[in-house]
Amino acid sequence: MSDTEIPQPDRVEGAPHPRETVRLFGQDRAEQDFLSAYTSGRLHHGWLITGPKGLGKATLAWRIARFLLATPEAQDDGLFGAPPPPETLGIAPDHPVMRRTLALSEPGLFLLRRSWDDKAKRLKTQLTVDEVRKLKGFFTLSSAEGGRRVVIVDSMDELNVSAANAILKLLEEPPARTVLLMISHQPSRLLPTIRSRCRELRLGPLDPEDMARALGQAGAEVRTDEAQALSALASGSVGAALRLLNHDGLKLYADLVRLLDTLPRLDRPRAIALGESTAGKANEPRLDLVLTLMDLVLARLARTGVTGRPPMPEAAPGEAGMLSRLAPDPATGRAWAQIAQDAGDRARHARAVNVDPAALVLDMILQLHKVA
């Protein structure tokens, strides 16, 4: 397999790679936190960029990397004084650093990510210590160039134990003029000693307006009502929203809402058709999405019962009425929450033992039918 054909583990299907994403929407606070540290002269050597998947963590890491590599270090220019501090992480689109990072040919940058396993013909499941050891050669070669050096780790959650310890050693004894930008979707699972040696930039979910702009930048133009639904279903994650769009997730969720709206008199033919639509290896992405959306609608049912009102905005036509009818009080909300946990456990077990997908989906719907 050629280099251009190898899948990139740090790229969301259907979206540009984060290094190709010029603008970052909805994360102004994180950008300003980094700029404040930079302009104050307190630039830490280790930065942990955190938050759920799909919020733009890798995009922010690439923006910071380009900024650091393209921005001269502040110096007093004598009579005229130091230049004004930068107000943005953006650099000119025709800057040499921009061109080199797009081509992955920037000598001051090292991207640490899972590699391709030629023997197994797939991406490795973990980021190994062998990949981390390649940094030694990078530091040796880049030291001759002078200037800053930047390492992007995408992601820290995929490090095996030996690789995590190697990164910890780098944080304990950082090479001169080097900044590590480390992406983590679940920072609580990292070594406490790694977290304690980093400054954190935490990203938050996108609102519908920023969601629409981010999706537009990724080449997916959506209407205002679609952006609102996607923001609700994807919990403000652009990556999750793109997954929904790629697999017709909005229509699938609307179909699921209409099916649940037939409860307690379940429309069995519609339930069977939904299950059968997930059968076969080619439909594995659809099965994953159906299970994800079922988890989501159960969570929204539980929230409706406990809070006394459905989440807004609606993620599908008629959703609010269905949620209010099936979860009219806190006791019902708690029952739906228990079913959500039980259904999730049953689904994970069924996937582990290769239960027929159609049977799995139908079984989950029948469990909902019992509660209703």
Side-chain angles (χ1 to χ4, degrees), residues 1-22 24 46-66 100-106 109-135 137-138 150-168 170 180-191 194 198 201 203 214 217-220 234 237-247 281 284-285 288-289 292 351:
M1 181 177 286
S2 68
D3 289 346
T4 56
E5 295 174 318
I6 292 176
Q8 301 183 79
D10 50 348
R11 176 178 176 268
V12 174
E13 179 189 354
H17 189 277
R19 70 176 181 275
E20 300 167 349
T21 306
V22 178
L24 178 63
W47 292 83
L48 200 57
I49 305 175
T50 67
K53 285 186 177 182
L55 298 183
K57 298 187 296 299
T59 298
L60 177 58
W62 282 93
R63 280 177 63 79
I64 292 174
R66 290 191 296 260
R100 291 196 297 264
T101 52
L102 285 173
L104 289 178
S105 61
E106 168 57 50
L109 175 70
F110 191 95
L111 173 59
L112 189 59
R113 58 182 176 177
R114 284 183 291 132
S115 60
W116 180 255
D117 188 330
D118 266 326
K119 186 175 180 180
K121 301 301 179 186
R122 59 174 173 78
L123 286 166
K124 293 181 178 178
T125 57
Q126 293 184 318
L127 211 167
T128 66
V129 71
D130 291 335
E131 297 301 317
V132 180
R133 285 173 180 154
K134 293 178 182 178
L135 283 170
F138 165 69
V150 180
V151 177
I152 296 176
V153 185
D154 193 357
S155 70
M156 294 290 288
D157 310 287
E158 296 166 344
L159 295 171
N160 65 19
V161 174
S162 298
N165 286 326
I167 290 292
L168 175 59
L170 273 177
L180 276 75
L181 304 172
M182 296 160 287
I183 296 161
S184 176
H185 316 301
Q186 297 177 304
S188 62
R189 296 187 177 184
L190 301 180
L191 292 172
I194 286 180
C198 298
L201 294 173
L203 275 59
Q217 179 175 240
S237 163
V238 180
L242 282 167
R243 180 181 173 225
L244 286 166
L245 287 173
N246 290 338
H247 299 286
K281 190 170 182 61
E284 283 184 359
D288 289 339
L289 189 55
T292 297
R351 295 297 299 276

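One-based numbering along the sequence shown.
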Check: Arg66 and Glu106 side chains under 4.5 Å, non-hydrogen atoms: no

Spacing of Leu127 atom CG and Ile167 atom CD1 [to the nearest 0.5 Å]: 8.0 Å

Rounded distance (nearest 0.5 Å) linking atom CG of Leu201 with atom CG of Leu48: 8.5 Å

Expected output: side-chain Arg113 to main-chain Asp154 donor-acceptor under 3.5 Å: no

Interatomic spacing from NE2 in His17 to CZ in Arg11 - rounded to 0.5 Å: 8.5 Å

Shortest non-hydrogen contact from Thr101 toward Arg19: O-CD, 3.3 Å

Close side-chain approach of Leu60 and Leu55, heavy atoms under 4.5 Å: no

Gap separating the OG1 atom of Thr125 from the CZ atom of Arg114, nearest 0.5 angstrom: 7.5 Å

Smallest separation among heavy atoms of Val22 and Arg63, with atom names: O-NH1, 2.7 Å

side-chain contact (heavy atoms from CB on, under 4.5 Å) assessment of Asp10 paired with Ile183: CA-CA 10 Å; Asp10 50 348; Ile183 296 161; over 6 Å; no

Pairing residues for Ala65 by the side-chain contact (heavy atoms from CB on, under 4.5 Å) criterion, not counting sequence neighbours: Leu109, Val150, Ile152, Leu181

Interatomic spacing from CD in Gln126 to CG in Asp157 - rounded to 0.5 Å: 12.0 Å

Closest approach of Ala214 to Val238 (non-hydrogen atoms, all atoms of both residues): CB-CG2, 3.7 Å

Any His185 side-chain heavy atom under 4.5 Å of Lys57 side chain: yes

Ala103: side-chain contact (heavy atoms from CB on, under 4.5 Å) partners, not counting sequence neighbours: Ser105

Lys53, NZ: over 12 other non-hydrogen atoms inside 6.0 angstrom: no

Nearest heavy atoms of Ala241 and Ala234, plus distance in Å: N-CB, 3.6 Å

Where Pro285 and His247 come nearest, the two heavy atoms and their spacing: CB-CE1, 3.5 Å

4.5 Å side-chain heavy-atom contact, Trp62 and Leu111: yes

Glu284: partners by side-chain contact (heavy atoms from CB on, under 4.5 Å), with sequence neighbours left out: Lys281

Note, Leu190 side chain near Met182 side chain (heavy atom, < 4.5 Å): no

Straight-line distance of Leu24 CG to Leu203 CG, nearest 0.5 Å: 6.5 Å

For the student: nearest non-hydrogen atoms of Ile194 and Ala164, plus distance: CD1-O, 3.7 Å

